[in-house]
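Below, chain A is the first sequence line, B the second, and so on; all start at residue 1. Note that the structure is a prediction, hence the values are computed from the model and not measured.
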Amino acid sequence: MPDNPLYFYKSIEPLEAKQLQKRLREKISLEPLDKPSQLVAGADISFDRGSDLMHAAIVAVDLRDMQPKTLSLVSDRTSFPYIPGLLAFRELPVLWKAWNQLDANPEVLILDGHGLAHPRRMGIATHFGIEIDHPTMGVAKNILTGSHSTLAPEKGASADLMDEGEKVGIALRSRTNVNPVYVSPGHKLSFGDAYALAVRTLTKYKLPQTTRLAHKWANKLRRGEAREGVWKVDDRQLL
DNA sequence: GCGACAG
DNA sequence: ATCTTGTCGC
C-alpha cells in the first residue's frame with residue numbers, strides 16, 4: 001500500500017524515531033472536545049507469535065446503547081520491532097489503513113496504549129491523533145512512565161498519574177479489586193474528556209467496551225474467523 | 001552503573 | 001503481544 005503516508009515508519013531508525021517524537025510533540029493539543037460524543041471507536045492489534053504479521057481492528061461503538069455499529073479489519077506486516085517508547089512506529093501503519101477504510105466518523109478514537117503518559121509525551125494515542133488530526137485518547141493496562149498514589153480497591157477510584165512533576169494521565173480502578181487502567185489524552189481532547197469517556201465506556205469488565213470489542217475482533221481476524229474489510233455489525237452474541 | 005520498560 | 005487449563009477468591 002504505497003499511498004500510506006505512514007509507511008516510512010516501518011524503516012525508520014530508532015534514533016530518528018525518537019527525534020521525530022520530539023518534533024511532533026509541539027503539535028499536541030489538549031483543547032476540550034466541542035461536540036458531545038455519541039459514536040466512539042476502539043482500536044487494538046493482535047500478533048502472530050513468531051512472525052511480523054499483525055491484525056488490526058477498529059470498532060465504532062454507539063454510546064447510547066454501548067453496542068458495536070461498524071468495524072474495520074486489516075492485516076499487515078511490520079518490520080519495526082517492539083521498543084518501549086516507540087510502539088507507534090510499529091503499529092501506526094496498519095492502524096492508518098484500518099482507520100481510513102472505516103465507514104463511520106467516531107468523535108473519538110480510543111487506543112490500546114498511552115497518549116501523554118509517555119517519556120516524551122508522545123505515546124501511540126497522541127502520535128496517531130496528530131497523524132490523522134482527530135481526537136484520540138489512550139487506555140493502557142500497564143504504566144510506561146510515571147507513578148501514582150495508592151488507589152482504593154473499589155471501582156471508580158482514581159489518582160493522577162504523575163511524571164517529573166507533571167500530570168500525564170489518570171490511574172482508574174475500572175472494576176473492584178482489579179488492577180487499574182491508565183487513561184491519558186492523546187490529541188485534541190482534555191484530561192477531563194479522556195477521563196469522562198473512559199468511565200462512560202466501562203461496562204462490567206476491566207477494559208472499556210470499545211477496547212474489548214476491538215481486541216476480540218483483532219483476535220478473530222488473526223485466527224481466520226473474520227476477514228479483512230469493513231463490516232456493519234450487529235453482534236450482541238459476542239458480548 | 002543498575003533497573004524499568006505501553007503492546 | 002503470545003504460549004495455555006484449571007483454579008483460587010471476591
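- Using a 4.0 Å heavy-atom cutoff across all strands shown, R222(A) reaches sugar-phosphate atoms only and no base atom.
- Of all the residues in residues 74-81 of chain A, not one reaches under 4.0 Å from DNA chain B with any non-hydrogen atom.
- Along DNA chain C, the nucleotide nearest N219(A) and the nucleotide nearest T176(A) are compared for position; the residue whose nucleotide lies closer to the 5' end is N219(A).
- There is a side-chain donor-acceptor pair under 3.5 Å between H55(A) and S75(A).
- No hydrogens or angles considered: nothing links the side chains of E154(A) and T176(A) as a donor-acceptor pair under 3.5 Å.
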Show every donor-acceptor pair shorter than 3.5 Å between a side-chain atom in residues 157-168 of chain A and any protein atom, with sequence neighbours excluded, or say none if there are none.
residue : atom : partner : partner atom : Å
D160(A) : OD1  : K167(A) : NZ           : 3.2
D163(A) : OD1  : T145(A) : OG1          : 3.2
D163(A) : OD2  : R121(A) : NH1          : 3.0
D163(A) : OD2  : R121(A) : NH2          : 3.3
D163(A) : OD2  : T145(A) : OG1          : 3.3
E166(A) : OE2  : R121(A) : NE           : 3.3
E166(A) : OE2  : R121(A) : NH2          : 3.1

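- Two residues are said to be in side-chain contact when any heavy atoms from C-beta on lie closer than 4.5 Å; Y195(A) and L172(A) meet this criterion.
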- Note on the structure: Protein heavy-atom contacts under 4.0 Å, written 5' to 3' over nucleotides 2-7 of chain B as B (base), S (sugar-phosphate only) or - (none), form the string ---BBB
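- Taking CG of L20(A) as the reference point, atom CE of M122(A) lies at 7.0 Å (rounded to 0.5 Å).
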- Annotated structure of DNA chain B as dot-bracket, pair cut-off 3.5 Å, Watson-Crick or G-U only, | for inter-strand, is .......
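- DNA chain C forms no stem, meaning no run of 3 or more consecutive Watson-Crick or G-U wobble pairs whose two key distances fall under 3.5 Å.
- The salt bridge (charged side-chain N to carboxylate O under 4.0 Å, His left out) pairs that include a residue from residues 18-46 of chain A number zero, where partners must be two or more places apart or lie in different chains.
- For DNA chain C, the contact window with chain A, defined by any atom under 4.0 Å from a protein heavy atom, covers dA1(C) to dC10(C) in 5' to 3' order.
- For the pair T136(A) (side chain) and H187(A) (backbone), a donor-acceptor distance under 3.5 Å is present.
- Residues from residues 11-20 of chain A that place a heavy atom under 4.0 Å from any atom of DNA chain B: there are none.
- For N179(A), the side-chain hydrogen bond (donor to acceptor under 3.5 Å, both in side chains) test picks out no residue, with sequence neighbours left out.
- Contact annotation: the side chain of E228(A) approaches that of V74(A) to within less than 4.5 Å [non-hydrogen atoms, C-beta and beyond].
- By the ring pair (Phe, Tyr, Trp, His ring centres under 6.0 Å) test, H215(A) is found to be paired with no residue, residues two or more places apart in sequence or in another chain being considered.
- Applying the side-chain hydrogen bond (donor to acceptor under 3.5 Å, both in side chains) rule to Q19(A) yields no partners; only residues at least two apart in sequence or on another chain are considered.
- Take H127(A) and apply the ring pair (Phe, Tyr, Trp, His ring centres under 6.0 Å) test, not counting sequence neighbours, and it matches Y9(A), F89(A).
- For the residue pair D112(A) and T211(A), no side-chain donor N or O sits within less than 3.5 Å of a side-chain acceptor on the partner.
- Y182(A) and Y205(A) fall into different hydrophobic clusters, defined by Ile, Leu, Val, Met, Phe, Trp and Tyr side-chain heavy atoms under 4.5 Å apart, directly or through other members.
- For R173(A) (side chain) and V178(A) (main-chain N/O), a donor-acceptor pair under 3.5 Å exists by modelled atom type.
- Remark: side-chain polar atoms of S184(A) are paired, donor with acceptor, to backbone N or O of G115(A) under 3.5 angstrom.
- P14(A) places a side-chain heavy atom less than 4.5 Å from the side chain of L86(A).
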